[in-house]
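Keep in mind that this is a model prediction, so the values were computed, not measured. Both ligands and their constituent atoms are indexed starting at 1 by order of listing.
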Amino acid sequence: MDAGVLAQVLRDLPPIDDPNVLVGTSTADDAGVYRLSSDLALVQTVDFFTPIVDDPETYGRIAAANALSDVYAMGARPVTALAIAAFPDSLDPQILGRILAGGAAKAREAGIAVMGGHTVKDDEPKYGLAVTGIAHPDRIVRNDTGEPGDALVLTKAIGTGVMTTARRADRIGEAEMEEAIASMEQLNRVAAEVMATYHAHAATDVTGFGLIGHLREMAGARLGAKIDARAVPLLKGALDLASEGVAPGGSRTNLANALAAGVEFSESVPDALRLLLCDAQTSGGLLVALPAAEAAPYVRDLEARGIQASVIGALDETSRICVN
Ligand code: CO
Ligand code: CO
């Protein structure tokens, strides 16, 4: 889900009182969770957006990976998907076909099929998936159930917002986008599968609110966190671009919101890095809170399976977010 405006509007609706709704709208979690039986829960999410890269297949793959990510972030396994798309009459319909093909290929990589979907006419293309997953109701990993002392592990580098903005403004070429594109296309499947072999207390995927924004939700009012800014992996070139002022408006808003919410940046953290830590991500990695002793083994297991991962800090009882 992850949409700020949506969260606001949903909060104004009457509360959900169905006891089988295990995760609803109250905690800004990544997906809704519904208990079908004592050992089976449905995990449902939908995500779609306008093109962030020029190539239609690449856009489709990124949008699908991004939508699937919310299921992985719950510790669940995706089982089916439906496509949701908007497309203008003025564009060649073959482009829509290529977007859908990219998304379908990414869904296949996740081991699921896109069973159908719905398309409407619109001025600007939009594409994404509604994804259904399953999990044992007791094995759901929520976004706000971390414990003091938990280590925080991040499973992708930060900076996709800055890099896509730089590409759009022609500040960088196709070649300099390769790392960001590979990162956005990468499923969080392995990160979630390996997470399931540990005792993760909380997890979320880093998307539009940026690393600090999603961390703020994870900590909630109950917990705080210390982040080692220099331990956060960054996409190559992103810091230089951010220091030249290249960033999406959403990232600046995220930084302003973080400061307004009392997030404390130490003086040793330069402005460009502060902005990057708040950079609005597309198809970002998982942010996982797990017992400190499990952090290094989790990272090792991920690296052995080709996933970049880093311990970037820890949760604590302070209710303050401090970035050093
Ligand atoms: Co989402
Ligand atoms: Co999410």
Side-chain angles (χ1 to χ4, degrees), residues 1-11 22-34 41-49 52 62-78 81 84 103 106-107 110 127-135 140-146 152-161 183-193 195-196 200-220 248 250-251 253-254 257-258 277-289 307 309 312:
M1 287 182 275
D2 296 341
V5 178
L6 181 65
Q8 208 63 54
V9 173
L10 288 175
R11 260 197 289 276
L22 303 182
V23 178
T25 56
S26 60
T27 55
D29 214 325
D30 298 298
V33 181
Y34 185 85
L42 271 186
V43 177
Q44 296 186 291
T45 182
V46 58
D47 227 319
F48 66 110
F49 46 72
I52 55 158
I62 291 170
N66 180 75
L68 282 154
S69 180
D70 279 326
V71 171
Y72 293 128
M74 304 302 297
R77 179 168 71 85
I84 177 166
K106 188 51 71 174
Y127 171 71
L129 295 177
V131 185
T132 298
I134 54 172
I140 295 293
V141 184
R142 296 164 194 255
N143 68 338
D144 66 342
T145 43
L152 294 166
V153 173
L154 178 65
T155 71
K156 285 188 188 180
I158 293 290
T160 64
S183 174
M184 291 187 286
E185 285 188 357
Q186 180 186 292
L187 291 174
N188 281 322
R189 177 182 190 165
V190 172
E193 284 176 359
M195 176 174 78
H201 295 136
T204 192
D205 60 333
V206 179
T207 51
F209 295 145
L211 174 62
I212 298 297
H214 290 281
L215 173 65
R216 183 69 265 179
E217 278 172 357
M218 178 173 278
S251 305
T253 304
N254 288 341
N257 288 342
L277 296 175
C278 295
D279 187 34
Q281 302 297 282
T282 298
S283 193
L286 296 190
L287 176 64
V288 179
I307 303 296
I312 61 161

> Does a side-chain heavy-atom distance below 4.5 Å link Ile62 with Tyr127?
Replying inline: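 Counting from C-beta outward, Ile62 and Tyr127 never come under 4.5 Å.
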>> According to side chain to side chain contact (heavy atoms under 4.5 Å, CB included), who are the partners of Ile84, at least two apart in sequence or on a separate chain?
In response: Val46, Phe48
> For Asp144, what residues pass the side chain to side chain contact (heavy atoms under 4.5 Å, CB included) criterion, not counting sequence neighbours?
Replying inline: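 Checked Asp144 against side chain to side chain contact (heavy atoms under 4.5 Å, CB included); matches are Thr27, Arg142.
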> Between Ser251 and Asp279, does a side chain to side chain donor-acceptor pair (under 3.5 Å) hold up when you go through it step by step?
Replying inline: CA-CA 4 Å; Ser251 305; Asp279 187 34; 2.5 Å; yes
For the Co ion (ligand 2), which N, O or S atom of [X] is at the shortest distance?
X: Asp205; answer: OD1
X: Asp70; answer: OD1
X: Asp30; answer: OD1

